Student: 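Before I ask anything, here is the structure I am working with.
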Amino acid sequence: MSAIAAFSLAPRDRDEASRSSTSLELMFDLATVVAVGAAAHSLAQDIEAGASGPGLVRFACSFFMAWLAWANYTWFASGYDNKSAAFRVLTMVIMFGSLTLAGGIRSGLGDQPHWLVLIGFSIMRLGMIALWLGAANGDRQARPAALRYAAGIGTMQVYWNTLIVTVSPEAPVYLPLFALGAAGELAVPLLAERGTASNWHHGHIIDRYNSFNIIVLGECFAAIALIISDPATPELRHFWWATLCSIIAFSMWGLYFDRNEQLLGREARTVLTWAYGHCLLFAAGAATAAGFVVFLSAARNATVSQQLAALAFCIPIAIYLTALWLVRDRASRHGSMHWLLLVVAALVLASGAFASHALEMNAALLAFAVTIRRRLYPAPFRDGSERN
């Protein structure tokens, strides 16, 4: 108890100038990318094996756990990263938990309890409880919120432990119970910050979320490299496919990293819509990479239909665009640009009906969307700079 009482994390200045991701946070991202990559790889394997439904469930569950642990740490570090030895050690412990979680995802999620997933997630959550207790000791003003965070995370971890140990992942009740747990996790910030908002830095949070989007788009690059190196397809053919997939990935980057501001305010509703909407956006980005792999599999394996392969990347791309509209363009005051992403998302979904040319149509649609936004919607950043 004395060690806990001595651990103290004072709040950082939320208006601190030039705040960006630290090298330790970038290391944390590397640990997370392993878990994200494992989830995307498993999804592609399940779709190729004809288990699309169970595969989507497994992907959603594993990705949510990886994203949740990343988001918990990211928002905390934005307000309380004091670069102390204790903070860094706990960060490394949480990173080890992320790698253990990734190992559990890679080992396959059958009908047995996911022991590695449970162990990895538990390590990460216990690390977060310790960090919030440190914040409770170091930030007297936010102490009630910090203690509620610690209690909420602990309570939900008991729920996860019970679910994973007692219910088979293939049981019909598992998905509803997982969804209930996910809803409980998303409710923790609402309950914890009731009347007392936690500390976080606006620019830093945006920078961290930008980094996570790079992670999921990096999974698309890994799939593109696999297409290029595939020995089972003619050389010119796989270079053409890789070119189209690259146009799609670069366009997804271009649509997200344009010159428009994000997270316009600190109100709870605005912040939670932005933060939680990004979970859907990030998952769709990772699933797009899995779709590219399935497309390659359909080209060399007759057991995977062209229609399934087209839907495997059309659906996540459409979800990515819709989620981007939700977190950013929904509040746009720039006329027709308000609806651009939703229109393109609908056309992307429709392109799935033309399975043999869906990849070409997706590349053309996304490149067109980027061009339109860049030419007709040149909004600068708040400070007037023209960064990309």
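Values in this document were obtained by computation on a predicted structure and should not be read as measured data. Sequential numbering from 1 along the given sequence is applied to the chain's residues. As a basis for the values below, the full set of heavy atoms in this structure was taken, side chains included, without hydrogen atoms, waters or symmetry mates.
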Student: Between the side chain of Ser229 and the main-chain N/O of Leu226, is any donor-acceptor distance below 3.5 Å?
Tutor: yes

Student: Applying side chain to side chain contact (heavy atoms under 4.5 Å, CB included) to Ile105 and Met65, what does each step give before you reach the verdict?
Tutor: CA-CA 11 Å; Ile105 296 172; Met65 297 178 82; over 6 Å; no

Student: Nearest heavy-atom pair of Tyr276 and Pro189: which atoms, and what distance?
Tutor: OH-CG, 3.3 Å

Student: State whether the side chain of Arg14 and the backbone N or O of Asn199 hold a donor-acceptor pair below 3.5 Å, judged by distance alone.
Tutor: no

Student: Nearest 0.5 Å please: distance from the OG1 atom of Thr166 over to the CG atom of Leu177.
Tutor: 8.0 Å

Student: Looking at Trp253, Tyr256, Tyr320, which one forms a side-chain hydrogen bond (donor to acceptor under 3.5 Å, both in side chains) with Asn213?
Tutor: Tyr320

Student: With a 4.5 Å cut-off on side-chain heavy-atom distances among I, L, V, M, F, W and Y, is there a chain of contacts connecting Leu68 to Val57?
Tutor: no

Student: Flag yes if more than 12 heavy atoms outside His41 fall under 6.0 Å of its NE2 atom; otherwise flag no.
Tutor: no

Student: Looking only at side chains, do Trp241 and Glu360 share a donor and an acceptor under 3.5 Å apart?
Tutor: no

Student: Has the side chain of Ser78 got a donor or acceptor atom that lies under 3.5 Å from a matching backbone atom of His201?
Tutor: yes

Student: Could you go through Met124 and Phe96, starting from their C-alpha distance and side-chain angles, then the distance that decides it, and tell me whether this counts as side chain to side chain contact (heavy atoms under 4.5 Å, CB included)?
Tutor: CA-CA 8 Å; Met124 301 176 81; Phe96 180 76; over 6 Å; no

Student: Please examine the side chains of Leu30 and Met27, heavy atoms only from C-beta on, and report whether any two atoms are closer than 4.5 Å.
Tutor: yes

Student: Does the pair Arg88 and Asp81 meet the rule for a salt bridge (charged side-chain N to carboxylate O under 4.0 Å, His left out), with working shown?
Tutor: CA-CA 9 Å; Arg88 292 182 173 184; Asp81 179 2; 5.9 Å; no

Student: Has the side chain of Asp207 got a donor or acceptor atom that lies under 3.5 Å from a matching backbone atom of Ser21?
Tutor: yes

Student: So which atom in Leu349 and which in Ala318 form the shortest heavy-atom distance, rounded to 0.1 Å?
Tutor: CG-CB, 3.6 Å

Student: Which pair of heavy atoms, one from Leu308 and one from Ser52, lies closest together, and at what distance?
Tutor: CD1-OG, 4.0 Å

Student: Please confirm whether the backbone N or O of Phe59 pairs with a side-chain atom of Ser62, one donor and one acceptor, at under 3.5 Å?
Tutor: yes

Student: Does atom OH (Tyr159) have a neighbourhood of more than 12 heavy atoms from anything else shown, all under 6.0 Å?
Tutor: yes

Student: Could you go step by step and tell me if Gln306 and Ser356 meet the side chain to side chain donor-acceptor pair (under 3.5 Å) rule?
Tutor: CA-CA 7 Å; Gln306 284 191 335; Ser356 59; 5.2 Å; no

Student: Linking I/L/V/M/F/W/Y whenever their side-chain heavy atoms sit closer than 4.5 Å, directly or via other members, would Leu101 and Ile119 fall into one cluster?
Tutor: no

Student: Would you kindly confirm whether Leu342 and Val344 end up in one hydrophobic cluster when ILVMFWY residues are joined by side chain heavy atoms under 4.5 Å apart?
Tutor: yes

Student: Check whether any side-chain heavy atom of Phe212 sits under 4.5 Å from a side-chain heavy atom of His278, and report yes or no.
Tutor: no

Student: Are Ile214 and Phe292 connected in a single hydrophobic cluster, I mean Ile/Leu/Val/Met/Phe/Trp/Tyr linked by side-chain heavy atoms less than 4.5 Å apart?
Tutor: yes

Student: Using side-chain heavy atoms (C-beta onward) and a distance below 4.5 Å, is Trp132 in contact with Leu9?
Tutor: no

Student: Side chains of Asp139 and Tyr80 only: does a donor on one sit below 3.5 Å from an acceptor on the other?
Tutor: yes

Student: Do Phe282 and Trp67 make the cut of ring centroids closer than 6.0 angstrom?
Tutor: no

Student: Under 4.5 Å between any side-chain heavy atoms of Leu340 and Trp325, yes or no?
Tutor: no

Student: Just verifying a value: how many Å separate Leu281 CG and Arg328 CZ, rounded to the nearest 0.5 Å?
Tutor: 9.5 Å

Student: Is the distance between the ring centroids of Phe178 and Trp160 under 6.0 Å?
Tutor: yes

Student: Report yes if the distance between the aromatic ring centroids of Phe250 and Phe221 is under 6.0 Å, otherwise no.
Tutor: yes

Student: Test your reading of the model: is there a side-chain donor-acceptor pair from Thr74 to the backbone of Ala71, 3.5 Å cut-off?
Tutor: no

Student: Taking atom CD1 of Ile227 and atom CH2 of Trp240, what is their separation to the nearest 0.5 Å?
Tutor: 13.0 Å

Student: First locate atom OG1 of Thr155, then atom CG of Leu191, and finally report the distance between them rounded to the nearest 0.5 Å.
Tutor: 10.5 Å

Student: In Å and rounded to the nearest 0.5 Å, what is the CZ to SG distance from Phe354 to Cys314?
Tutor: 11.0 Å

Student: Has the side chain of Glu25 got a donor or acceptor atom that lies under 3.5 Å from a matching backbone atom of Thr22?
Tutor: yes

Student: Output, in order, the C-alpha distance, side-chain angles, deciding distance and verdict of side chain to side chain contact (heavy atoms under 4.5 Å, CB included) for Ile247 and Leu366.
Tutor: CA-CA 8 Å; Ile247 292 172; Leu366 266 66; 6.0 Å; no

Student: Can any side-chain N or O of Asn362 pair as donor or acceptor with the backbone N or O of Ala358 at less than 3.5 Å?
Tutor: yes

Student: Below 4.0 angstrom, N of the basic side chain to O of the carboxylate: do Arg373 and Asp329 qualify?
Tutor: yes

Student: So, Arg148 side chain and Arg194 main chain: donor-acceptor pair closer than 3.5 Å or not?
Tutor: yes

Student: In Å and rounded to the nearest 0.5 Å, what is the CH2 to CZ distance from Trp339 to Arg330?
Tutor: 10.5 Å

Student: If you group Ile, Leu, Val, Met, Phe, Trp and Tyr by side-chain heavy-atom gaps below 4.5 Å, do Phe368 and Leu255 land in one group?
Tutor: yes

Student: Closest heavy-atom contact between Ile153 and Met128?
Tutor: CD1-CB, 4.1 Å

Student: Any side-chain heavy atom of Leu186 sitting closer than 4.5 Å to one from Phe64?
Tutor: yes

Student: Check whether the ring centres of His204 and Tyr209 lie less than 6.0 Å apart, and answer yes or no.
Tutor: no

Student: Would you call Ile248 and Ile317 a side-chain contact if the rule is heavy atoms closer than 4.5 Å?
Tutor: yes

Student: List the steps, then state whether side chain to side chain contact (heavy atoms under 4.5 Å, CB included) holds for Ile123 with Ile94.
Tutor: CA-CA 6 Å; Ile123 292 172; Ile94 296 171; over 6 Å; no

Student: Any side-chain heavy atom of Gln157 within less than 4.5 Å of one from Ser122?
Tutor: yes

Student: Does Arg266 make a cation-pi contact with Trp200 (under 6.0 Å, within 45 degrees of the axis)?
Tutor: yes

Student: Measure across Phe28 and Ala69 and return the closest heavy-atom pair with its distance rounded to 0.1 Å.
Tutor: CZ-O, 4.3 Å

Student: Taking all non-hydrogen atoms of both residues into account, name the closest pair between Val271 and Leu263 and its distance.
Tutor: CA-CD1, 3.9 Å

